[in-house]
Structures are given as C-alpha cells and as structure tokens.
Amino acid sequence: MLLLDGKYTHISAVAQALSPFFQVDVFNNTEEAMAALRRESYHVVLSDVGDFLPLERDLVGQKASLVLNTIGEGVCIVDSDGHCAWSNTRMRKFTAAVSEKVCQICNQARAVFTRQSSPITDQSLTRSKKYTFQVESRYYEAITSPVIDGEGNVIQIVAVVWDATSSRRLQQKIDAIDQSGRELARLDAEIVMKAPAERLKIIREKIIKFSKDLMHFDHFSIRLLDKKSNKLEVVIAEGLPSEALDIDLYAQPEGNGISGYVASTGRSYICHDTEKDPRYVLGLNHAKSSLTTPLRLYDKILGVYNVESSEVGAFTEDDRQFAEIFGQHIAMALNILDLLVVERYTARGQITDNVVQEMAQPLNDIVTEAQTLMEEYIGDDSMRKRLYNIVEHVETIRQSLRTVKAGPKAVLGCEAMDTAVTDPRLCDKHILIADDEQNIRQTIADILRKLGAKCSVCKDGFEAVNLLNQEKFHLVISDIKMPYRNGYEIFAAARRCDEHLPVILMTGFGYDPHHSIVRASQEGLASVMFKPFKIEDMLVEVRKALCPEEPKVPDAKAPDASKPAEPAK
C-alpha cells in the first residue's frame with residue numbers, strides 16, 4: 001500500500017492505523033512516490049485529490065512508455081517536416097537506412113491521407129496504410145496512421161514497423177514448393193505419349209531433383225500403400241542403405257516404425273533423436289533424426305515421404321509444413337500416373353472390342369463370297385487354291401483379333417514358331433518363367449523349349465523365390481503383378497542369388513502397381529515387355545539378356561592401322 005502525504009491532508013494518522021494490517025510505504029512528494037511505483041507493485045494508492053491527478057498522469061505515461069519500449073515492433077512519430085520526432089527502443093535498433101526509408105514512407109502516407117479528404121473531421125474514418133519495403137537483403141512491413149489536429153490537418157504520422165524477412169522467405173519457400181508441385185503434376189503431350197515406365201521415370205527424376213534442390217533433403221524414401229496387403233512398398237529411395245529399404249512395413253500404428261504410424265494415422269511425425277524414439281527403425285547409417293509425412297490425396301493416404309538426417313534435431317515445424325505441402329503434390333503426380341495407366345488399359349480394351357465387332361460381319365462376308373466362288377470354279381484348281389488361301393487368311397485375321405482381345409493374357413505370333421529350330425544361344429540355358437496366367441507362362445515355356453532351353457514355370461511369386469533359392473538359373477522372366485510377391489521382390493531375390501543373373505519383367509499394358517520397373521531399372525534390370533507382346537520381340541530380349549554384347553577384340557592377324565605399312569618386298 002502506497003500513501004502520499006499531501007499538502008492539505010496529513011496522512012500519517014491513516015498510515016499508523018493501517019500499519020498493523022498492511023505493509024505501508026509513506027512518501028512526502030510525488031517524485032518519490034513515482035520512483036517507488038517504478039520499483040514496486042502496489043495494490044492500493046492513497047493520496048489527496050489534488051496530488052492524485054498528476055500522479056495518475058505520470059503513472060499512465062510510465063506504463064505507455066513501458067509498453068511501447070517492450071513490444072517487438074518499432075514505433076516512431078514523424079513530424080510535418082519529415083523528421084523522426086520520437087521512436088521507441090526497437091525502432092532505434094534498426095539501421096539508419098531502415099529509419100530513413102520509414103521517414104520517406106511516412107511522407108508518402110501524409111500526401112495520401114491529405115488527398116483523401118480535406119479537412120479530415122473524424123480521425124476514426126481514416127484508414128491506416130500498409131507498406132512493404134526492402135533494405136539490402138531484408139524485408140520490412142510498416143503500418144502508417146495520421147495524427148489529426150482540431151482543424152482536420154495531418155500534423156504527424158505514426159508508423160509501426162517490423163522485420164518481415166522470416167515470413168517473406170517462408171512464403172517464398174511455399175510458393176516455390178507450390179510451383180514445383182505444379183511441375184510434378186504437369187502433363188503435356190510428350191509425357192502422355194510415353195510408356196508408363198518412362199513417365200514414372202520422369203516423375204522420379206523430378207521428385208529427387210526438387211527434394212534436393214528445393215527441400216534440401218538428401219536422404220529420403222517414398223513408400224506407397226498397397227491397398228490389398230496394407231504393405232508400404234518402396235517406390236523411390238535416395239541415399240538410404242538397401243537393408244533399410246528391405247524392411248517390411250505395414251500401415252499400422254504399432255510395430256511398424258514411424259512410417260507405419262504415419263500411414264495409419266495420417267499425421268506427420270518428427271523424430272528429434274532416433275536413439276530415444278521407440279518408434280524409429282533402421283534407416284540412414286548413423287541417422288540421428290527423421291521427418292515422416294503422409295502422401296495425402298484429399299482424404300486418402302497413398303503412402304509416406306520419409307526424410308533422414310545425420311544430425312540430432314535437424315527438422316523443424318517449418319520443415320514439416322514444407323514436406324506436407326510437397327507430399328500432397330507427390331501424391332497427386334503419382335495418382336495421375338495410375339489414372340493414365342488405368343485409362344490406357346480400359347480404352348485399349350474398348351477399342352479392341354469395337355474393332356472385333358465391326359470386322360466380324362465383313363470377314364464373314366469375305367468367307368461366304370470366297371466359298372461361293374469356289375463352287376463356281378470347280379475344275380479350276382489354280383483359282384480354287386487362291387480362293388482357299390483367302391479363306392485361310394481370314395481365319396488368321398480372326399485368330400489375331402481373338403488374341404488381341406485377350407489383351408495381356410495372350411502372346412502374339414506363336415503360330416510362326418511351329419517350325420522353330422534349336423538356337424545355340426538358348427541351348428542348355430535354364431530359364432525361370434513366373435506368371436499367374438497359365439496361358440502366358442506355358443506358351444513362353446513351350447517356345448523356349450523348342451529352341452533348346454530348359455524351363456521351369458511358377459504360378460506365383462512364392463514359388464518363384466523358392467525355386468531361385470534351390471536351383472541355378474541363367475535367366476528369369478517374371479510378371480510384375482502376381483500373388484505373394486511383386487516383380488521387384490522377385491528381381492531382388494534373383495540378385496541375391498546371383499548379382500549378375502539377368503531378369504526380364506512383364507506387365508499388362510504397362511500396369512506397374514508397385515513401381516517395380518523404375519526400382520529394378522536402377523539396379524540393372526535387363527528389359528521390360530509390355531503385354532500383349534510378339535513372340536519375336538520376346539526372343540530378341542531373351543537373346544540380349546543371355547548374350548549381352550561384348551566389346552570386340554581386335555583380330556590378331558589384322559594389320560594395326562596405327563602403324564605404317566611395311567614396304568612391299
């Protein structure tokens with residue numbers, strides 16, 4: 001309790017009465033009382049009315065000065081001559097260049113406020129003006145407000161100034177991420193016309209580039225969610241060891257690491273210290289922290305985007321925000337690729353059905369007409385033979401149409417292999433053929449056997465991996481989408497058995513749900529065949545895989561062109 005002894009009222013008796021109950025400080029003049037108010041906090045102030053008003057004014061002025069000097073923004077008053085009449089502590093910490101720029105802005109604002117209406121009768125009707133400016137490499141924002149005199153004239157400008165560099169750079173980063181996202185999802189005619197594997201390769205290269213150049217993430221992986229198995233399949237990986245990518249993770253909140261937690265909950269996760277976080281599983285060698293965000297497409301989780309760092313606490317909330325925005329663009333780009341594959345598959349099937357229906361009647365008419373003419377040319381064996389050939393050609397066309405209509409469940413041109421002879425390049429070669437379509441695997445095996453190869457067939461990925469572990473093979477031909485194991489898993493199993501074992505993957509119309517083509521291509525995949533393919537094309541790929549071109553060795557008997565020819569004797 002503070003008591004101020006007044007000029008007219010002596011307060012000592014009051015202080016004596018209150019002392020037994022309160023802590024009382026008595027002062028004889030206003031200056032001492034004000035000094036005490038600056039040092040201490042009081043619950044009650046007692047004084048004469050005549051002394052209280054100046055005490056109150058001083059107290060309000062002190063509080064106002066305290067507020068203005070404590071806030072994080074710079075505050076200044078610029079007079080009618082364009083000079084700074086007053087500034088708070090934060091404003092005085094800005095550089096001289098910033099202060100000079102603020103005075104210039106205040107002069108501009110004065111002109112604007114003066115033009116609005118003359119004279120200004122109600123200061124509350126005058127709206128403040130916001131300005132943005134740059135000094136050297138930093139950005140600033142200022143809000144200016146006019147001080148109006150009794151005659152409506154602008155006599156001063158009050159400016160509130162703050163450093164907006166952080167927020168500006170944050171917005172620039174978000175804009176850059178947004179731009180890169182549009183680039184990821186951009187589809188032009190050149191990309192659409194490419195094969196699905198080539199399109200995915202382009203997207204992969206862009207994701208890696210943007211992750212490194214824009215996000216500054218050097219070690220990361222992208223796992224996509226397989227809806228049927230709930231497994232998180234690795235699609236793209238950069239800078240992470242193979243043992244970390246071989247771990248099977250599922251979209252479950254417990255027991256499947258951070259990636260499983262993020263995929264199941266849809267919530268991002270920052271691991272500040274891998275040694276102390278029980279959710280963290282094997283990742284980057286000597287990893288100290290990680291950031292994992294969901295690949296979200298609207299309300300659907302397609303997978304996760306995981307980033308690793310060798311430093312503890314390397315990721316901030318800003319990094320999380322950036323990664324989430326970037327992850328949405330990745331999800332959209334990958335979803336567009338899948339839609340293109342489905343559209344291609346569906347459209348091709350519809351077109352084939354339409355062609356078969358449209359050609360059925362004309363082909364029947366050709367056969368009927370040819371048979372009628374054969375009756376008329378009885379005795380003319382030459383003409384009848386030509387007509388018979390026409391009927392045979394029509395049947396070949398019908399068979400081709402039936403084969404094409406079967407789509408990825410067929411192999412084209414098998415009839416041409418009826419007279420195939422043994423190929424020395426295939427003799428005694430042991431080839432593993434894996435496909436869940438019996439017609440495909442049996443047709444390929446029959447043709448390769450005719451050419452001298454030894455073939456083992458499997459109806460699913462589980463059988464294929466078991467055979468790879470039991471027998472030695474010279475080549476593996478596998479479908480990408482099969483039960484129990486996908487194409488990449490079979491490729492990886494083959495490479496574990498023999499790092500030089502060539503593998504050819506097959507896919508129906510380029511459909512690659514686990515993105516096996518891109519992953520395996522990075523690690524030495526021999527080739528990819530898109531169903532339905534011609535048997536001649538398949539044999540070309542098989543021969544290339546079994547007998548890769550070797551550098552030519554100069555003939556020892558041939559003269560060395562680099563040496564001058566010896567003179568004739």
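Position 1 is the first residue of the sequence, and the numbers go up from there. Predicted model, so just to flag it, every value in this text is computed and none were measured. The figures here come from the full heavy-atom set of this structure, side chains too, leaving out hydrogens, waters and symmetry mates.
In this structure, the side chains of Met506 and Ile444 come closer than 4.5 Å at one or more pairs of heavy atoms. Taking 4.5 Å as the limit, some side-chain heavy atom of Leu170 sits within range of a side-chain heavy atom of Asp318. Side-chain contact between Leu387 and Val391 is absent, with no heavy atoms from C-beta onward closer than 4.5 Å. Using a 4.5 Å cut-off on side-chain heavy atoms (C-beta onward), Leu302 and Met332 make no contact. You'll find the side chain of Ile431 stays beyond 4.5 Å of the side chain of Lys454, heavy atoms only. Side chains of Asn230 and Gln252 form a contact here, defined as non-hydrogen atoms less than 4.5 Å apart. Put simply, the side chain of Ser456 reaches to within 4.5 Å of the side chain of Glu471, judged on heavy atoms.
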- Assess whether side chain to side chain donor-acceptor pair (under 3.5 Å) is satisfied between Asp175 and Gln171, documenting all intermediate values. CA-CA 6 Å; Asp175 292 342; Gln171 187 59 50; 2.9 Å; yes
- Starting from the C-alpha separation in whole Å, work towards a yes-or-no answer on side chain to side chain donor-acceptor pair (under 3.5 Å) for Asn306 and Ser259. CA-CA 7 Å; Asn306 177 62; Ser259 293; 4.7 Å; no
- Take Leu448 and Ile433, measure what side chain to side chain contact (heavy atoms under 4.5 Å, CB included) needs, and give me the verdict at the end. CA-CA 10 Å; Leu448 293 178; Ile433 303 163; 4.1 Å; yes
- Any chance you could lay out the side chain to side chain donor-acceptor pair (under 3.5 Å) test for His219 and Ser309, step after step, and finish with the verdict? CA-CA 7 Å; His219 310 285; Ser309 174; over 6 Å; no
- Task: Check the pair Asp277 / Tyr269 against side chain to side chain contact (heavy atoms under 4.5 Å, CB included), numbers first and verdict last.
- Result: CA-CA 11 Å; Asp277 196 316; Tyr269 193 100; 2.8 Å; yes
- Message: Using side chain to side chain contact (heavy atoms under 4.5 Å, CB included), reason through Val262 and Ile258 one step at a time and then give a plain yes or no.
- Response: CA-CA 6 Å; Val262 171; Ile258 295 173; 4.1 Å; yes
- side chain to side chain contact (heavy atoms under 4.5 Å, CB included) between Ser289 and His272, worked out: CA-CA 5 Å; Ser289 58; His272 296 288; 5.6 Å; no
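In this structure, CE in Met538 is found 5.5 Å from CD1 in Ile477, a value given to the nearest 0.5 Å. Taking CD1 of Ile301 as the start and NZ of Lys227 as the end, the distance is 12.0 Å to the nearest 0.5 Å. Arg320 CZ to Ser268 OG: the interatomic distance, rounded to the nearest 0.5 Å, is 6.0 Å. With rounding to the nearest 0.5 angstrom, the CG atom of Leu525 is 6.0 Å from the CZ atom of Phe491. The OH atom of Tyr388 sits 11.0 Å away from the NE2 atom of His393 when rounded to the nearest 0.5 Å. The distance from atom CD1 of Ile504 to atom CG of Leu432, rounded to the nearest 0.5 Å, is 12.0 Å.
Asp248 has a carboxylate O that lies under 4.0 Å from a charged side-chain N of Lys231, or vice versa, which qualifies the two as a salt bridge. With respect to Glu308 and Lys288, no salt bridge is recorded, no charged nitrogen being found less than 4.0 Å from a carboxylate O. A salt bridge links Arg449 with Asp446; the closest basic N to acidic carboxylate O contact falls under 4.0 Å. Between Glu463 and Lys459 there is a salt bridge, since a side-chain N of the basic residue sits under 4.0 Å from a carboxylate O of the acidic one. Ion pair Arg296/Glu324 not flagged as a salt bridge, since none of the NZ, NE, NH1 or NH2 atoms sits closer than 4.0 Å to an Asp/Glu carboxylate oxygen.
Here the closest heavy-atom approach between residue Leu475 and residue Pro502 is recorded as CD1-O, 3.5 Å. In terms of heavy-atom proximity, Thr293 sits nearest to Leu291 at CG2-CD1, 4.1 Å. The two atoms that bring Ile490 and Gly461 nearest to each other are CD1-CA, 3.9 Å, heavy atoms only. Closest non-hydrogen pair, Ile390 versus Ala370, comes out as CG2-CB, 4.5 Å.
Taking the six-membered ring where tryptophan is involved, the planes of Phe217 and Tyr305 are tilted, since the angle between them lies from 30° to 60°.
Open room surrounds CD on Gln438; 12 or fewer heavy atoms of other groups in view lie less than 6.0 Å from it. The environment of Gln470 atom CD is dense: over 12 non-hydrogen atoms of other residues, nucleotides or ligands sit within 6.0 angstrom.
Proximity of a side-chain donor or acceptor of Ser264 to a complementary backbone N or O of Tyr261 within less than 3.5 Å is detected.
The stretch residues 420-429 participates, sequence neighbours left out, in these side chain to side chain donor-acceptor pair (under 3.5 Å) pairs: Asp423-Arg425, Asp423-Arg543.
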